[in-house]
Amino acid sequence: MWRNDVKDFMNGKREIVKFSPIDVTLDVNDYDDTLIARLERPDLIFGVTFLAVPLNYEYLEGKKALHPITKEEIPIILVDTEKPYLGIPAHIEKDYQLAIMCDIPIKQVVMPVNASLDENKPREDKEWSIRENVVLVVKHWSEDKYLFIDYKNQSWKCFISGGVEEGETPKEAAIRELKEESGYFNLKEIREMPFKMANVFYAAHKGVNRYSNVTAFYIELQDSVRVDLDENEKSEHEVKWETKENLYEILKNGFTDQIWLLKQHLNEIGAYTGRGKFINSDFLNNLENMDEAYNRVINYLNAK
């Protein structure tokens, strides 16, 4: 039932997609005619954030096309291509690189689901808890190192993470968890990272199985100023710093999802092209079958 989408993706086990591209008719603001564009992955249609057109379409430069389903405005950009196509930067690598270069939004529509298969795998005799969580990639104020937590009573070495409490935003939760678990609170920068994920595991310290929807944040500290940690926190873990290379080795034992986050921040990997659960996709939300998602989109477009 459970998968390791991030681990498979990191190891190059990328699912081969066999869907045929389709042509989609688009409306363009301040343009009297429609435009036909190629859509490479119909199942990912809700992740479309730009329309790329050949260089000789200069009469469209600066205009906005309308998303074929949501009717949201998306930018039109001129690129070295033979035919117009719709860009899905979150999940197609060439589109990701173009979006980064042109400062175009990246909309994730497939969320990886990472399940522990070691001693932290879900237990049949325990109840389930669904929770909104945050994970923090925390950068040292002066060295090229990142913070991690070394638990004393479990074999966990990982980034700071924690739940989003009622009435709290993920960003507020990130700032609170940083202070509670490390003592640091002076931030030079905090920003939400573009990709979300789900983690499935047995939380031994809580005695429950967890399905955790994760929002990640990158935080750079301003300085070394800290408050003293609560005695319970001191008894549970130590705060340590390591280089990215050493962290890749440390985190690979059960926390490959966090390696993925760090590599995302460092631009060592781009688009997420693996499997997962559909999100931000209207009538496709919560699907985990790409064939079904593809068929739903085709049926929807054909019915219009």
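What you see is a predicted model, and the numbers here were worked out from it, not measured in a lab.
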Indicate whether the side chain of [X] and that of [Y] have a donor and an acceptor atom separated by less than 3.5 Å.
X: N199; Y: D257; answer: yes
X: K145; Y: T243; answer: no
X: N29; Y: E73; answer: yes
X: Y248; Y: E268; answer: yes

Nearest 0.5 Å please: distance from the [atom1] atom of [X] over to the [atom2] atom of [Y].
X: M197; Y: Y272; atom1: CE; atom2: OH; value: 9.0 Å
X: R41; Y: I88; atom1: CZ; atom2: CD1; value: 7.0 Å
X: E132; Y: T215; atom1: CD; atom2: OG1; value: 6.5 Å
X: L39; Y: S20; atom1: CG; atom2: OG; value: 12.0 Å
X: E40; Y: L86; atom1: CD; atom2: CG; value: 11.0 Å
X: L26; Y: L51; atom1: CG; atom2: CG; value: 6.0 Å

Do [X] and [Y] belong to the same hydrophobic cluster, where Ile, Leu, Val, Met, Phe, Trp and Tyr are linked whenever their side-chain heavy atoms lie under 4.5 Å apart, directly or via other members?
X: I175; Y: V138; result: yes
X: I22; Y: I36; result: no
X: L55; Y: Y57; result: yes
X: L301; Y: L66; result: no
X: V225; Y: V227; result: yes

Flag the pair [X] / [Y] as yes when at least one side-chain heavy-atom distance between them is below 4.5 Å, and no otherwise.
X: Y146; Y: V137; value: yes
X: L60; Y: L35; value: yes
X: I69; Y: D282; value: no
X: V113; Y: R275; value: no
X: S182; Y: I160; value: yes
X: Y85; Y: P21; value: no
X: L98; Y: V79; value: yes
X: K157; Y: L251; value: no

Counting only heavy atoms not in [X], do more than 12 fall under 6.0 Å of its [atom1]?
X: N56; atom1: CG; result: yes
X: E82; atom1: CD; result: no
X: D125; atom1: CG; result: yes
X: E127; atom1: CD; result: no

Give a yes or no on whether the backbone of [Y] and the side-chain of [X] come within a donor-acceptor separation of less than 3.5 Å.
X: N246; Y: E242; answer: no
X: E238; Y: D150; answer: no
X: E172; Y: T169; answer: yes
X: K107; Y: F46; answer: yes
X: H91; Y: V109; answer: yes
X: Q108; Y: K196; answer: yes
X: H237; Y: E181; answer: yes
X: S212; Y: V214; answer: no
X: T256; Y: K252; answer: no
X: Q264; Y: L261; answer: no

**Request:** Verify whether the ring centers belonging to W241 and F148 lie closer than 6.0 Å.
**Result:** no
**Message:** Before we go on, tell me: are the rings of F255 and F201 under 6.0 Å apart, centre to centre?
**Reply:** no
Might you point out which heavy atoms bring [X] and [Y] nearest each other, and give the distance in Å?
X: G270; Y: Y96; answer: CA-CE2, 3.4 Å
X: I298; Y: P42; answer: CD1-CB, 4.3 Å
X: F278; Y: L44; answer: CE2-CD2, 4.0 Å
X: D43; Y: V297; answer: CA-CG2, 4.4 Å
X: A271; Y: F195; answer: CA-CZ, 4.5 Å
X: P54; Y: T81; answer: CB-O, 3.3 Å

**Message:** One pair to check against salt bridge (Lys or Arg N to Asp or Glu O under 4.0 Å): K188 and D223. What are the steps and the verdict?
**Reply:** CA-CA 8 Å; K188 181 178 181 180; D223 52 41; over 6 Å; no
**Prompt:** What do the steps show when you test E189 against R191 for salt bridge (Lys or Arg N to Asp or Glu O under 4.0 Å), and what is the final call?
**Reply:** CA-CA 7 Å; E189 179 185 358; R191 55 181 165 83; 2.8 Å; yes
**Item:** Carboxylate-amine/guanidinium contact D30 K63, below 4.0 Å
**Value:** no
**Message:** Between E168 and R176 (salt bridge meaning N to carboxylate O under 4.0 Å), is one present in this structure?
**Reply:** yes
**Step-by-step side chain to side chain contact (heavy atoms under 4.5 Å, CB included) determination, M111 to N213** = CA-CA 9 Å; M111 178 178 70; N213 295 305; 3.8 Å; yes
**Lys/Arg cation over aromatic Y202: R123, 6.0 Å, 45° cone** = yes
**Request:** Examine K64 relative to F50 and say whether NZ or CZ is less than 6.0 Å from the centre of the six-membered ring and inside a 45° cone about the ring axis.
**Result:** no
